[in-house]
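These figures come from a predicted structure and were not determined experimentally.
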Amino acid sequence: MSEQSKVSPARRRGLADEVADRIREAIFSGAYAPGEQLREVELSGEMDVSRGPVREALRVLEREGLVRCAWHRGTTVTTLSAEDVAELDSLRGALEDLAVREVIARASDEDLASVAKTADMMERAVDAHEMVRWDIAFHDAVFAAAGHRRLADAWDGIRCQVHLFLLTRIGRSTEGYLDCIPREHRELVAALRARDTDTALGLFATHRRHAVDVVTGTGTTDAS
């Protein structure tokens, strides 16, 4: 083996990761709305860090689809276009259909209990942003219950964008949202527990379509 190292020295990236976590959390909490500009100078001042970790954190969030960087506009929180919504919905649907089939075929009763627990927690949500978090947690639990590692990795790749999509949904309307979402998810749980593939696939598709209809303005605002 050559004395020369085959890999370059590792760099500690803990601070940039922490900055990314804090900015991501601010986006998910609604502190930064879609389209809002994120300025490195202001962020570094607010978090008491240099601009380097902030710049690195924004690159992480750009890869996740949460922010967009353009030379003439700087960095802004992603605003989902109609094309973004259509692509995200079609990909999420393909992944979720496979997850549902895998859950029904393979999940244990304990796995399904974990899914049901997240649905139960929705009853405690005090506002729309908290409900969105539990909605994402529910779908996390479904993908975990599928027992398919690569499928879970694929979901993880779009998870933040789905969260942003749901934030866009509640930005359009929250009418009936807190009341309807727990009921919808109880129905999803019941179909999974019944191992009823056709019913479960239909309910999951309807659940997704409601949210898309609200975001695109093509349907009612009584569900997500």
Trace of the side-chain contact (heavy atoms from CB on, under 4.5 Å) decision for Y177 with V132: CA-CA 10 Å; Y177 183 71; V132 166; 3.3 Å; yes
Residue pair R195, L112: steps toward the side-chain contact (heavy atoms from CB on, under 4.5 Å) verdict: CA-CA 11 Å; R195 311 279 178 174; L112 293 175; 3.6 Å; yes
Flag if over 12 foreign heavy atoms under 6.0 Å of CZ, R101: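 No, CZ of R101 has 12 or fewer neighbouring heavy atoms, counting only those of other groups under 6.0 Å.
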Over 12 non-hydrogen atoms of neighbours within 6.0 angstrom of CD in E83: no
For the pair [X] (side chain) and [Y] (backbone), establish whether a donor and an acceptor sit closer than 3.5 Å, ignoring hydrogens and angles.
| X | Y | answer |
| --- | --- | --- |
| R172 | V215 | yes |
| S44 | R51 | no |
| T199 | D196 | no |

Would you call [X] and [Y] a side-chain contact if the rule is heavy atoms closer than 4.5 Å?
| X | Y | answer |
| --- | --- | --- |
| I158 | L88 | yes |
| L167 | H129 | yes |
| L192 | F204 | yes |
| V67 | I27 | yes |
| E18 | V49 | no |
| P182 | W134 | no |
| F138 | M121 | no |

V142 vs W155, side-chain contact (heavy atoms from CB on, under 4.5 Å): CA-CA, chis, key distance, verdict: CA-CA 10 Å; V142 169; W155 161 247; over 6 Å; no
Between [Y] and [X], is the closest basic N to carboxylate O distance under 4.0 Å?
| X | Y | result |
| --- | --- | --- |
| R24 | D21 | yes |
| D84 | R68 | yes |
| R133 | E25 | yes |
| K117 | D140 | no |
| E96 | R208 | yes |

Nearest heavy-atom neighbours spanning [X] and [Y]:
| X | Y | value |
| --- | --- | --- |
| A128 | I170 | CB-CD1, 3.8 Å |
| A191 | L203 | CB-CD1, 3.9 Å |
| P34 | T168 | CG-OG1, 4.4 Å |
| H185 | A119 | CB-CB, 4.1 Å |
| A31 | E36 | O-OE1, 3.8 Å |
| A57 | A20 | CB-N, 3.5 Å |

Just by distance, no angles: are the side chains of [X] and [Y] close enough, under 3.5 Å, to form a donor-acceptor pair?
| X | Y | value |
| --- | --- | --- |
| D135 | H163 | no |
| R39 | Q37 | yes |
| D111 | S114 | no |

Candidate pair V60 and E64, rule side-chain contact (heavy atoms from CB on, under 4.5 Å), full reasoning: CA-CA 6 Å; V60 170; E64 293 176 358; 3.8 Å; yes
Rounded at 0.5 Å granularity, tell me how far [atom1] in [X] sits from [atom2] in [Y].
| X | Y | atom1 | atom2 | answer |
| --- | --- | --- | --- | --- |
| F165 | L80 | CZ | CG | 8.0 Å |
| R55 | C69 | CZ | SG | 11.0 Å |
| T206 | E184 | OG1 | CD | 8.0 Å |
| L98 | L151 | CG | CG | 5.0 Å |
| L166 | I181 | CG | CD1 | 8.0 Å |
| L38 | L61 | CG | CG | 8.0 Å |

Test of ring centre spacing under 6.0 Å for H207 and H139: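 For H207 and H139, the ring centres are under 6.0 Å apart.
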